[in-house]
Amino acid sequence: MKVLISLILFSFLGMSLGEKDPWDRQGLSEDYHGHIEDRSEGLYKRVQLLGINDFHGQLNVTRQINGRPAGRADYLAAYLRQRAAENENTILLHTGDMIGASPPVSALLKDEPTIEFLNKMGFDIGTIGNHEFDRGLDQLLRLLNGGSPSAAKSYPGSRFPWIAANVISQNSGKPILPPYKILNVSGVPIGFIGVIMKQTPSLSAPNSVKGLTFTDEAEAINTYTRELKKQGVRAIVVLAHVPGKSKPNGELATGQLIELAHQADDEVDIMFGGHSHAYLNSVVDGKLLVQAYSYGTAFSDVDIEIDPRTKDIVRKHAEIVNVFQENTQPASDITRMIEHYEMKVEPAVNRYIGTASFPITAARNRSGESALGNLIADSERAAMNTDFAFINPGGIRADIDAGRVTWGNLYVVLPFSNQLVKMNLTGSQIRDILNQQWQPDTTRILQISGFTYSWDDRQPAGSKIQEIYLPNGTRLDPDKKYSVTVNTYLADGGDNFTVFKSGISRVTGPMDIDALEKYIQQLPQPFSSAIDGRIKRID
């Protein structure tokens with residue numbers, strides 16, 4: 001229940017209504033005593049901000065949250081519309097990664113169905129995430145502005161503004177999108193500033209962000225906050241594709257968004273985050289910070305009150321709402337939209353590949369190894385006939401459920417359309433690559449095939465990798481050249497695995513999903529995969 005204003009009324013015990021107290025004038029003042037009665041709480045403008053992040057085109061995907069079905073666009077729509085109906089003033093917003101790593105119903109149609117969903121919902125404003133660049137800047141701008149080549153006969157683009165203050169064209173020296181937008185609600189202006197992580201180039205294929213500069217987020221926020229203040233705007237909200245997380249009670253808030261909050265101008269009131277797919281609901285440096293998991297399984301409901309005289313936000317409160325499907329009627333118009341696009345992609349999606357004897361998941365054990373990671377790495381090594389293979393964990397986006405496996409299932413697992421690349425690296429370079437798994441802001445354990453190794457987290461950065469063994473039990477030779485398979489993302493140094501860029505004698509192979517399809521089809525059916533000790537953490 002939302003509690004926005006609490007009034008505590010005091011009365012004298014034992015007195016009935018209308019009874020006159022002989023002392024009822026005691027302590028009261030007349031006008032000439034200088035008392036001015038002007039309590040304008042009832043005049044505050046109430047506004048509801050409903051936000052989503054990291055949707056990734058999950059239009060028709062149901063996920064399990066604590067054993068309960070959650071998500072799907074038509075259920076998310078039902079929740080958002082119900083909340084909007086309960087409030088006079090509602091702004092729908094998002095903080096990026098609306099597309100990219102999408103299921104076939106969106107991805108095979110150039111992610112245009114996802115933009116249509118946002119349009120149908122009446123979103124008011126949004127910013128971009130790193131995955132909006134998966135197909136490059138030109139395709140991003142086409143998706144936002146409309147035009148061809150499109151999956152539909154007449155694709156109109158986004159009907160609401162997207163903002164980004166810190167993505168600069170190297171040719172023009174100007175932001176590729178408007179840096180901010182002012183939305184007027186009941187005559188009160190609210191300023192929205194968009195930013196994305198300055199580390200985006202290291203998270204994207206180099207060609208997809210070519211010609212772009214990603215500047216410091218805090219500097220961009222503060223620059224345009226000053227500009228908004230000059231225009232008389234005092235209610236300022238930042239849409240930041242920047243990660244953060246907290247405990248459910250708001251304690252132990254950590255991450256880049258928390259650091260950014262300390263650096264941002266104090267006029268900033270609220271910061272919506274994204275990227276880490278985590279829960280965040282905390283107040284840091286006077287700023288309310290929120291992030292609502294991912295994939296449409298939750299949304300942020302931020303309620304604010306604005307003083308129309310000062311134009312400033314005087315109250316703010318947030319709730320992270322889970323989108324559970326139980327006891328909820330999905331939005332029928334969104335259901336029809338989903339079914340329309342499912343029919344379009346059905347021939348490719350429903351093609352049978354094999355049968356999984358049990359669920360094969362990307363869940364990693366404490367050493368960092370997963371059954372699904374092993375299966376994919378094995379498929380890529382087999383496709384290119386190399387000594388080893390490496391998979392970036394962020395490239396695996398879903399699990400394989402038990403039972404019938406279709407091409408559509410595989411696409412949800414590997415949605416980035418990466419080609420495979422064969423290259424040669426020395427044993428010493430391979431050790432360096434493994435040590436690059438520990439990075440200043442995160443740890444990314446690569447999924448591997450063709451060797452085993454151990455690591456010790458007690459050792460300093462650059463020295464965590466211990467023994468590396470080949471299948472025949474011999475140690476990796478630091479001076480010998482080995483053939484290695486990676487996807488194009490890693491081959492170009494993605495996720496800061498820069499040593500891969502030094503690989504020589506490169507040969508490009510099939511798409512990763514084609515390699516996985518072929519590998520599964522040649523396995524005895526039903527097929528399976530398991531964690532088999534390729535990666536071992538030393539305690």
Side-chain angles (χ1 to χ4, degrees), residues 51-60 73-74 76-77 80 91-169 171-172 174-183 192-196 200 204-205 207-212 239 241 274 296 331 333-334 336-345 415-417:
I52 63 173
N53 56 274
D54 301 280
F55 182 61
H56 291 288
Q58 306 287 293
L59 297 173
N60 64 341
D74 43 2
L76 174 62
L80 293 176
I91 293 175
L92 289 176
L93 59 89
H94 72 76
T95 57
D97 276 8
M98 292 298 99
I99 60 171
S102 307
V105 71
S106 182
L108 295 186
L109 300 170
K110 301 182 184 293
D111 276 319
E112 292 169 13
T114 294
I115 302 301
E116 181 179 341
F117 164 65
L118 299 175
N119 287 341
K120 281 181 175 291
M121 288 303 300
F123 268 71
D124 297 286
I125 198 162
T127 191
I128 50 177
N130 53 296
H131 283 291
E132 264 78 30
F133 291 99
D134 282 354
R135 294 187 179 98
L137 177 60
D138 290 343
Q139 278 300 304
L140 169 58
L141 295 178
R142 185 202 67 80
L143 195 64
L144 301 187
N145 300 326
S148 59
S150 64
K153 289 183 179 179
S154 178
Y155 172 67
S158 174
R159 295 198 184 103
F160 61 93
W162 296 55
I163 55 176
N166 68 324
V167 185
I168 311 299
S169 167
N171 288 333
S172 68
K174 298 178 180 179
I176 63 169
L177 294 171
Y180 67 89
K181 179 75 175 178
I182 300 172
L183 299 181
F192 292 85
I193 303 171
V195 292
I196 182 176
T200 295
S204 305
N207 287 338
S208 67
V209 292
K210 187 176 181 180
L212 300 176
L239 308 183
H241 194 76
D333 60 324
I334 304 301
R336 289 193 298 270
M337 186 200 83
I338 293 171
E339 291 172 347
H340 168 71
Y341 289 119
E342 284 179 332
M343 288 181 61
K344 283 196 168 191
V345 301
F416 294 111
S417 301

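Each of Leu239, Ile128, Ile52, Val195 was checked for a side-chain contact (heavy atoms from CB on, under 4.5 Å) with Thr95, and the lone residue meeting it is Leu239. Checking each of Asp97, Asn53, Thr127, Thr200 against His241 for a side-chain hydrogen bond (donor to acceptor under 3.5 Å, both in side chains) leaves exactly one that passes, namely Asp97.
In plain terms, the two heavy atoms of Ile176 and Ile168 that are nearest each other are CG2-C, 4.4 Å. Closest approach of Val345 to Val105, counting heavy atoms only: CG2-CA, 4.1 Å. Residues Ile193 and Ile163 share a closest heavy-atom pair of C-CD1, 3.6 Å. Across every non-hydrogen atom of Ile99 and His131, the tightest pair is O-CB, 3.4 Å. The shortest non-hydrogen separation linking Ile334 to Ala77 is CG1-CB, 3.8 Å. Closest of all the heavy-atom pairs between Leu109 and Pro113 is O-CD, 3.6 Å.
Looking at heavy atoms from C-beta onward, Leu92 lies out of side-chain contact with Leu118 at the 4.5 angstrom threshold. In this structure the side chain of Glu342 reaches within 4.5 angstrom of the side chain of Asn60, judged on heavy atoms. Residues Met337 and Leu59 meet the side-chain proximity criterion, which asks for heavy atoms closer than 4.5 Å. Looking at heavy atoms from C-beta onward, Leu76 lies in side-chain contact with Phe55 at the 4.5 angstrom threshold. Counting only heavy atoms from C-beta outward, the side chains of Val167 and Phe133 approach each other to under 4.5 Å.
Going from atom CD of Glu132 over to atom CG of Leu177 covers 10.0 Å, rounded to the nearest 0.5 Å. To the nearest 0.5 Å, atom CD1 of residue Ile125 and atom CD1 of residue Ile182 are 10.0 Å apart. With values rounded to the nearest 0.5 angstrom, Ile115 atom CD1 is found 14.0 Å from Lys110 atom NZ. With rounding to the nearest 0.5 Å, the separation of CE in Met98 from OG in Ser158 is 11.5 Å. Atom NZ in Lys181 sits 15.0 Å away from atom CG in Leu93 (nearest 0.5 Å). Between the CZ atom of Arg142 and the OH atom of Tyr155 there is a distance of 6.5 Å, given to the nearest 0.5 Å.
In terms of the ring-ring contact (aromatic ring centres under 6.0 Å, His included) criterion, Phe123 has no residue partners (sequence neighbours excluded). In this structure, the ring-ring contact (aromatic ring centres under 6.0 Å, His included) partners of Phe160, at least two apart in sequence or on a different chain, are His94, Trp162. Considering only residues two or more places apart in sequence or on other chains, Phe192 meets the ring-ring contact (aromatic ring centres under 6.0 Å, His included) condition with none of them.
Put simply, the side chain of Asn171 never gets that close to the backbone of Gly211: no donor and acceptor are under 3.5 Å apart. Judged purely by atom type and a 3.5 angstrom limit, Thr114 has no side-chain atom pairing as donor or acceptor with the backbone of Glu112. With hydrogens and angles ignored, the 3.5 Å screen pairs a side-chain donor or acceptor of Ser208 with a backbone N or O of Ala205. Under the 3.5 Å distance criterion, the side-chain polar atoms of Gln58 are matched with a main-chain donor or acceptor of His56.
No side-chain N or O of Asn130 forms a donor-acceptor pair with one of Ser204 less than 3.5 Å apart.
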Before you tell me yes or no, could you show the steps for Leu80 and Met121 under side-chain contact (heavy atoms from CB on, under 4.5 Å), namely the whole-Å CA-CA distance, both residues' side-chain angles and the distance that decides it to 0.1 Å? CA-CA 9 Å; Leu80 293 176; Met121 288 303 300; 3.9 Å; yes
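Salt bridge annotation for Arg336-Asp74: absent, with no cationic side-chain nitrogen under 4.0 angstrom from a carboxylate oxygen.
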